[in-house]
Trainee: 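What follows is a structure written as structure tokens; I'll ask about it next.
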2 protein chains.
Amino acid sequence: MVQYGSPSLDLSFAALSDATRRGIIDQLGRGDASITSLADKFQMTLTGMKKHVQVLERAGLVVTQKVGRVRTCKLGKRSLKAEAEWIEAHRKLFEARFEALDEIISEMKQEGSDETAN
Amino acid sequence: MVQYGSPSLDLSFAALSDATRRGIIDQLGRGDASITSLADKFQMTLTGMKKHVQVLERAGLVVTQKVGRVRTCKLGKRSLKAEAEWIEAHRKLFEARFEALDEIISEMKQEGSDETAN
DNA sequence: TCCATACTGAACCATATAGTTCAGTGTCTA
DNA sequence: TAGACACTGAACTATATGGTTCAGTATGGA
């Protein structure tokens, strides 16, 4: 795969594409948590939960710290800034398209429509 | 996988997690394009490009219409609103954590620090 | 009518993801 | 010091992803 964009956006959007991981972020927003407590909450094995946490950690969205036998997870310092910026920048493109679509619709009303065919 | 969140967020964040697909959205923001022109631009086979476009289409980020032998791709009506909202809502959680971190750092300066160990 | 163009679909490959089990290792705590 | 607890890592499974090639089908133009 040829790289065009930011590999960190790759990692964070991929991390956010799983509902369990979005739930973990939600949960950590309410307070730090151990792997065990997260695994309980999301009904998953410790090993499975650890993998999710690692994905979030690689994306910089979560940091963990092991004290004694307990690994505590908390929200990281990435703060979703770059992601918010990408999305906001591109929402403008989408909105510009809407205006263009309005024109097309008026045109279609005049001359009869094509199909989204095949 | 037990589902907790929105399956449409799953699809759109997954779609955005690939730099080529983010590039396609970028490109379509500058104007509609055929599969062939996108494949050229991103140096990829037609088949490969078609798959990317299908991922974007399933996520609602792109719509396509075939006229004659040409399939034209344009930005869809999803507009990234839900994605922007999720991210904005959660940025607040991250920022709240920062303040908490500041407290922790001051505490650590007083009593000597732990390690992010193991 | 014939050829080039534009796409489509099936099949394949390598790698990643989402999860599991099982067998550890290290740390409390009674 | 024995057991319980919290995690870790390897190995395995099933499925998805990102890409390819190859063999079509359908359309448009000379």
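Each chain gets a letter, A, B and so on, in the order the sequences are listed, and its residues count up from 1.
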Trainee: Between D/dT21, C/dT8, C/dA18, spot the one nearest the side chain of B/R71, thanks.
Mentor: C/dT8
Trainee: Give the nucleotide from the list C/dA18, C/dT21, D/dT21 with an atom nearest to the side chain of A/D18.
Mentor: C/dA18
Trainee: Considering only C/dT20, D/dT8, D/dG18, which nucleotide approaches the side chain of B/K51 most closely?
Mentor: D/dG18
Trainee: Hey, does B/L75 have a side-chain heavy atom less than 4.5 Å from the side chain of B/L61?
Mentor: no
Trainee: Cut-off 3.5 Å, no hydrogens considered: what does the side-chain donor-acceptor table look like for residues 80-87 of chain A, sequence neighbours left out?
Mentor:
from, atom 1, to, atom 2, distance (Å)
A/K81, NZ, A/E85, OE2, 3.2
A/E83, OE1, A/R78, NH2, 3.2
A/E83, OE2, A/S12, OG, 2.5
A/E83, OE2, A/R78, NH2, 2.4

Trainee: Between C/dG9, D/dG18, C/dG19, spot the one nearest the side chain of A/T20, thanks.
Mentor: C/dG19
Trainee: Given D/dT8, is OP1 or OP2 found less than 4.0 Å from the side-chain N or O atoms of A/K66?
Mentor: yes
Trainee: Map B/V70 and A/M44 onto DNA chain C by nearest heavy atom, then report which one ends up closer to the 5' terminus.
Mentor: B/V70
Trainee: Show the distances under 3.5 angstrom between N or O atoms of the protein and N or O atoms of nucleotides 23-30 of chain C.
Mentor:
from, atom 1, to, atom 2, distance (Å)
C/dT27, O2, A/R69, NH1, 3.4

Trainee: Would you mind reading off the distance between B/L56 atom CG and D/dT17 atom P, rounded to a whole angstrom?
Mentor: 12 Å
Trainee: Report yes if the side chains of A/D32 and A/C73 come closer than 4.5 Å at any heavy-atom pair, otherwise no.
Mentor: no
Trainee: Go through the structure and list residues passing salt bridge (charged side-chain N to carboxylate O under 4.0 Å, His left out) with A/R91, not counting sequence neighbours.
Mentor: A/E88, A/E95
Trainee: Can you check the A/M49 CE to C/dT21 P distance for me, whole Å?
Mentor: 15 Å
Trainee: Answer yes or no: does a side-chain N or O of B/K50 lie under 4.0 Å from OP1 or OP2 of C/dG9?
Mentor: yes
Trainee: Can you name the residues that form a side chain to side chain contact (heavy atoms under 4.5 Å, CB included) with B/A14, not counting sequence neighbours?
Mentor: A/S17
Trainee: Counting the atoms with a prime plus P, OP1 and OP2 as sugar-phosphate, which does A/L46 contact under 4.0 Å by heavy atoms, base, sugar-phosphate, or nothing?
Mentor: base
Trainee: Looking at residues at least two apart in the chain, or sitting in another chain, which of them share a side chain to side chain donor-acceptor pair (under 3.5 Å) with A/E57?
Mentor: A/T64
Trainee: Tell me which nucleotide among C/dA18, C/dT20, D/dT8 gets nearest to the side chain of A/R21.
Mentor: C/dA18
Trainee: In chain order, what residues pass the salt bridge (charged side-chain N to carboxylate O under 4.0 Å, His left out) check against A/D40, with sequence neighbours excluded?
Mentor: none
